[in-house]
Amino acid sequence: MALRFKNSLSRRVEEFVPIEPGVAKMYTCGPTVYNFAHIGNFRAYIFEDLLRRYLSYKGYRVTQVMNLTDIDDKIIRDSKARGIPIKQFTAPVIKAFFEDIDALRIERAEHYPPATEHIPEMVALVKVLLERGHAYQIDGDYYYRIASFPKYGQLANLDMQGLKAGARVDADEYEKESVSDFALWKAWDENDGDAFWETELGKGRPGWHLECSAMSTKYLGKRFDIHTGGVDNMFPHHENEIAQSEGATGETFVNYWLHCEHLMVDGRKMSKSLGNQYTLRDVLDKGYSGLAVRYLLMATHYRQQLNFTFEGLESARAALERYNDFISNLESYPGGKSDGSAGGVISGAAAGFEETLDDDLNISGALGVVFDFIRDINRLKAEDKLSAGERDEALKLIRRFDSVLDFRTKAVSLEAEIEDLIRQRTEARKSRNFAQADKIRDDLLARGIILEDTPQGVKWKRKV
RNA sequence: GGCGCCAUAGCCAAGUGGUAAGGCAGAGGUCUGCAAAACCUUUAUUCUCCGGUUCGAAUCCGGAUGGCGCCUCCA
């Protein structure tokens with residue numbers, strides 16, 4: 001079976017057929033850099049990481065764009081409150097964002113365009129929309145005329161008549177032709193301070209949705225394969241992107257829309273506005289690793305709500321330990337006498353991994369395959385029925401899986417002091433001074449170093 | 001009010017018509033100086049509930065209950 005995705009646009013599972021064979025172009029909505037991202041945000045980025053890595057695994061050449069929204073109301077408000085220029089305000093937040101995605105092993109996208117560096121592209125887009133009758137100007141503000149785009153509401157499955165009746169009308173925007181029309185460009189007022197650009201549209205700044213249309217086109221073309229984001233971006237953000245981009249080009253903007261469900265905490269959506277958020281730093285400060293967070297956020301299918309708990313994080317940590325112990329134990333296994341069954345285990349696991357992930361990135365199913373594989377190989381190893389050649393094939397496969405999962409702990413060398421303690425313990429054991437040996441082992445455990453006595457001698461590992 | 005999603009063991013979670021994956025936690029065993037790791041055994045006669053369709057339903061249909069999200073800040 002071929003790779004397929006649940007497309008939000010059609011609400012069906014569809015086979016992935018790229019515009020250009022062998023190439024996958026994707027746009028992934030990125031952070032608004034006014035504050036540290038919370039782990040709910042990172043769930044979306046982890047999902048996108050799985051997507052891009054699996055596309056690569058399947059042999060696609062991937063181009064991913066993730067925007068950095070570095071101009072919006074909150075950024076203006078907060079930078080003004082601190083009395084510093086916007087760039088100075090956003091720079092440390094952007095720096096922290098990249099530190100966080102590194103800690104979570106989220107592979108870098110090819111492009112991270114900041115909105116403020118693409119004002120000319122956005123202005124050009126508004127001009128095209130004006131020419132084509134999709135935009136109008138009132139008092140220096142430019143709006144998108146939703147009535148000019150009949151498909152509006154298709155992605156979110158919203159009836160725009162009903163929406164009007166819903167009457168969530170912003171009182172100070174009464175001058176728009178229709179309450180549903182959204183801002184493309186906002187004229188400067190004094191509250192904006194130094195947040196403005198002098199352009200052909202006048203003095204002002206872009207609306208929220210404009211950057212994604214302008215920047216996706218710049219880096220990926222008028223049409224591209226995949227667009228992702230959180231479900232909460234489906235409306236209005238992605239709906240508006242479609243209206244802008246297709247209004248400007250008259251062509252289909254994106255073929256596959258993939259939306260990631262929310263991370264919950266205590267049964268409620270984790271969000272900045274509800275104030276129930278954890279940043280990655282909050283979690284790391286409690287002693288959990290970025291890797292454990294990665295596992296937890298990745299292990300549940302992206303279209304399923306995931307309730308965040310520290311119990312779940314502990315469970316993720318333990319699963320990672322099993323995964324990593326498997327690899328390191330296998331690496332040090334000298335090999336035994338094959339009973340001929342390993343080949344089937346390996347090829348079965350390889351096929352199963354791909355079959356499940358092909359099915360709209362069924363990661364839970366794929367992890368089931370991985371852990372079945374681990375148990376099967378461990379059993380052969382325990383019975384000494386795995387040859388050195390089969391061991392190497394098994395390692396090759398798990399490393400291939402790991403190109404998608406990236407759950408392998410990084411090898412870090414030991415401090416000389418700890419090496420010395422391990423040596424002292426080995427001496428103590430030789431002289432059967434077990435009390436001393438056990439004390440050293442306990443002390444090291446408290447420092448995150450786990451010791452195991454094996455037939456090949458003492459082995460150490462770091463707590464995941 | 002409109003649109004949509006979800007409910008599977010102590011916890012997390014796959015499975016969408018052929019007789020309940022996997023992870024964590026728990027219990028017993030093998031191994032070990034003791035551990036750890038690993039392996040073996042064990043932990044849901046049953047998938048929120050009530051009807052229906054079918055030889056056969058966690059899976060399809062109808063209904064009920066409970067939870068969550070979106071409906072112009074949001075990943």
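Letters A, B, ... are given to chains in the order of the sequence lines, protein chains preceding strands, and every chain is numbered from 1. Because only heavy atoms are used, hydrogens play no part in the values below, and waters and symmetry mates are left out as well, while side chains stay in.
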Atom CD of A:Glu239 and atom P of B:U72 are separated, to the nearest Å, by 13 Å
Which of B:U72, B:G69, B:G23 is nearest the side chain of A:Ser180? It is B:U72
inquiry  = Once you apply a heavy-atom cut-off of 4.0 Å, does A:Arg268 come out as touching a base, just sugar-phosphate, or nothing?
reply    = sugar-phosphate
Q: Considering only NZ, NE, NH1 and NH2 on the basic side and carboxylate oxygens on the acidic side, decide whether A:Lys385 and A:Glu383 come within less than 4.0 Å.
A: yes
Side-chain contact check for A:Glu452: nearest option of B:U72, B:A35, B:C39 is B:A35
**Message:** For a quick check of understanding: with a heavy-atom distance under 4.0 Å over all strands, which category does A:Lys74 fall into, base, sugar-phosphate or nothing?
**Reply:** base
Between A:Met264 and A:Met270, whichever has its closest RNA chain B nucleotide further toward 5' is A:Met264
Rounded to whole Å, CG of A:Leu158 lies from P of B:U72 at a distance of 9 Å
Worksheet item: So does A:Arg4 pair up with A:Asp358, basic N to acidic O under 4.0 Å?
Response: no
Winner on side-chain proximity to A:Ala318, out of B:C24, B:C3, B:A36, is B:C24
C1' atom, B:G33 versus B:A44: distance in rounded Å? 40 Å
Against the side chain of A:Asp438, the closest entry in B:G33, B:C71, B:G69 is B:G33
May I ask you to check if A:Lys381 and A:Tyr333 form a cation-pi contact, with NZ or CZ under 6.0 angstrom from the six-membered ring centre and within 45° of the axis? yes
Look at all strands and tell whether A:Arg429 reaches a base, only sugar-phosphate, or nothing, counting heavy atoms closer than 4.0 Å.
base
To the nearest angstrom, the CG-P distance between A:Leu306 and B:C11 comes to 16 Å
From the candidates B:A13, B:A38, B:G33, the one with an atom nearest any side-chain atom of A:Ser364 is B:A13
Pairing partner of B:G62, by Watson-Crick or G-U wobble and under 3.5 Å for both distances, is B:C50
### Message
Does A:Met234 reach a base, just sugar-phosphate, or nothing at all? Heavy atoms under 4.0 Å.
### Response
nothing
Practice prompt. May I ask you to decide whether A:Arg281 forms a salt bridge with A:Asp100, counting only side-chain N to carboxylate O separations under 4.0 Å?
Written response: yes
note: A:Asp453, atom CG; B:A35, atom P; distance rounded to Å ~ 12 Å
By the Watson-Crick or G-U definition, both distances under 3.5 Å, B:A27 is matched with B:U41
Using the C1' atom as the point on both nucleotides, what is the distance between B:A38 and B:U32, in whole Å?
12 Å
- Could you tell me whether A:Asp392 and A:Arg399 have a side-chain N and a carboxylate O separated by less than 4.0 Å? no
Between B:G67 and B:C49, how far apart are the two C1' atoms, rounded to whole Å? 15 Å
Checklist entry - Any Lys/Arg nitrogen of A:Asp406 or A:Arg53 sitting under 4.0 Å from an Asp/Glu carboxylate oxygen of the other? => result yes
Using a 4.0 Å heavy-atom cut-off across all strands, classify A:Leu263 as base, sugar-phosphate, or nothing. base
Q) What is the nucleic acid contact for A:Asp73, judged by heavy atoms within less than 4.0 Å: base, sugar-phosphate only, or nothing? A) nothing
Distance-only donor-acceptor test, A:Asn307 side-chain atoms vs B:C12 base atoms, 3.5 Å
no
For residues 29-38 of chain A, which side-chain N or O atoms pair as donor and acceptor with protein atoms under 3.5 Å away, sequence neighbours left out?
{"residue": "A:His38", "atom": "ND1", "partner": "A:Gly40", "partner atom": "N", "Å": "3.0"}
{"residue": "A:His38", "atom": "ND1", "partner": "A:Asn41", "partner atom": "N", "Å": "3.2"}
{"residue": "A:His38", "atom": "NE2", "partner": "A:Asn41", "partner atom": "OD1", "Å": "3.4"}

C1' spacing across the pair B:A20 / B:A14, given as an integer number of angstrom: 10 Å
OP1 or OP2 of B:A37 under 4.0 Å from side-chain N/O of A:Arg322: no
Against the side chain of A:Gln304, the closest entry in B:A75, B:A13, B:G33 is B:A13
### Query
Taking atom NZ of A:Lys439 as the centre, does the number of heavy atoms from other residues, nucleotides or ligands within less than 6.0 Å exceed 12?
no
> With rounding to whole Å, what would you report as the distance between B:C3 and B:G63 at their P atoms?
Replying inline: 14 Å
task: Mind checking A:Asp372 for me? I need base, sugar-phosphate or nothing, with any heavy atom below 4.0 Å counting as a touch.
output: sugar-phosphate
Looking only at B:C11, B:G23, B:A21, the nucleotide nearest the A:Tyr295 side chain is B:G23
note: A:Lys6, atom NZ; B:C6, atom P; distance rounded to Å ~ 7 Å
By the Watson-Crick or G-U definition, both distances under 3.5 Å, B:C3 is matched with B:G69
Looking only at B:G69, B:A37, B:C3, the nucleotide nearest the A:Val231 side chain is B:G69
Next item on the list: Assign A:Gly312 to base, sugar-phosphate, or nothing according to its heavy-atom contacts below 4.0 angstrom with the strands shown.
Entry: nothing
Whole-Å C1' distance, B:U19 and B:C24 = 27 Å
Rounded to whole Å, the CG-C1' distance (A:Asp72 to B:U72) equals 15 Å
Ranking B:U72, B:G15, B:A38 by distance to the side chain of A:Phe235, first place goes to B:U72
Inset, instruction - In plain terms, say whether A:Asp282 and A:Lys286 are close enough for a salt bridge, that is, a side-chain N and a carboxylate O under 4.0 Å apart. - result: no
- Query: Contact class for A:His38 vs. all strands (heavy atom < 4.0 Å): base, sugar-phosphate, or nothing?
  - Reply: base
Using Watson-Crick geometry (N1-N3 plus N6-O4 or O6-N4) or G-U wobble (N1-O2, O6-N3), each under 3.5 Å, B:G33 is paired with none
Any strand, both distances under 3.5 Å, Watson-Crick or G-U wobble: B:A14 pairs with none
Exercise. Which value, in whole Å, describes the distance between the P atoms of nucleotides B:A9 and B:G15?
Worked result: 16 Å
Check: Which is true for A:Glu48 with a 4.0 Å heavy-atom rule: it touches a base, it touches only sugar-phosphate, or it touches nothing?
Finding: nothing
| message | For a quick check of understanding: with a heavy-atom distance under 4.0 Å over all strands, which category does A:Leu451 fall into, base, sugar-phosphate or nothing? | response | base
Comparing nearest nucleotides in RNA chain B, the 5'-proximal residue of the pair A:Asp232, A:Gly368 is A:Gly368
_Should A:Phe434 be counted as stacked on B:G33, where stacking needs a ring-centre gap under 5.5 Å and an angle between planes under 30 degrees?_
yes
* Asked: Could A:Arg447 and A:Asp442 be called an ion pair, given the rule that one side-chain N must be under 4.0 Å from one carboxylate O?
  -> no
Requested in this report: Return yes if the base of B:A35 and the side-chain atoms of A:Arg441 contain a donor-acceptor N/O pair under 3.5 Å, otherwise no.
Outcome: yes
To the nearest angstrom, the CZ-P distance between A:Phe371 and B:A14 comes to 15 Å
Applying the 3.5 Å cut-off to both distances, the Watson-Crick or G-U partner of B:A57 turns out to be none
note: A:Lys269, atom NZ; B:C70, atom C1'; distance rounded to Å ~ 8 Å
Pairing partner of B:U19, by Watson-Crick or G-U wobble and under 3.5 Å for both distances, is none
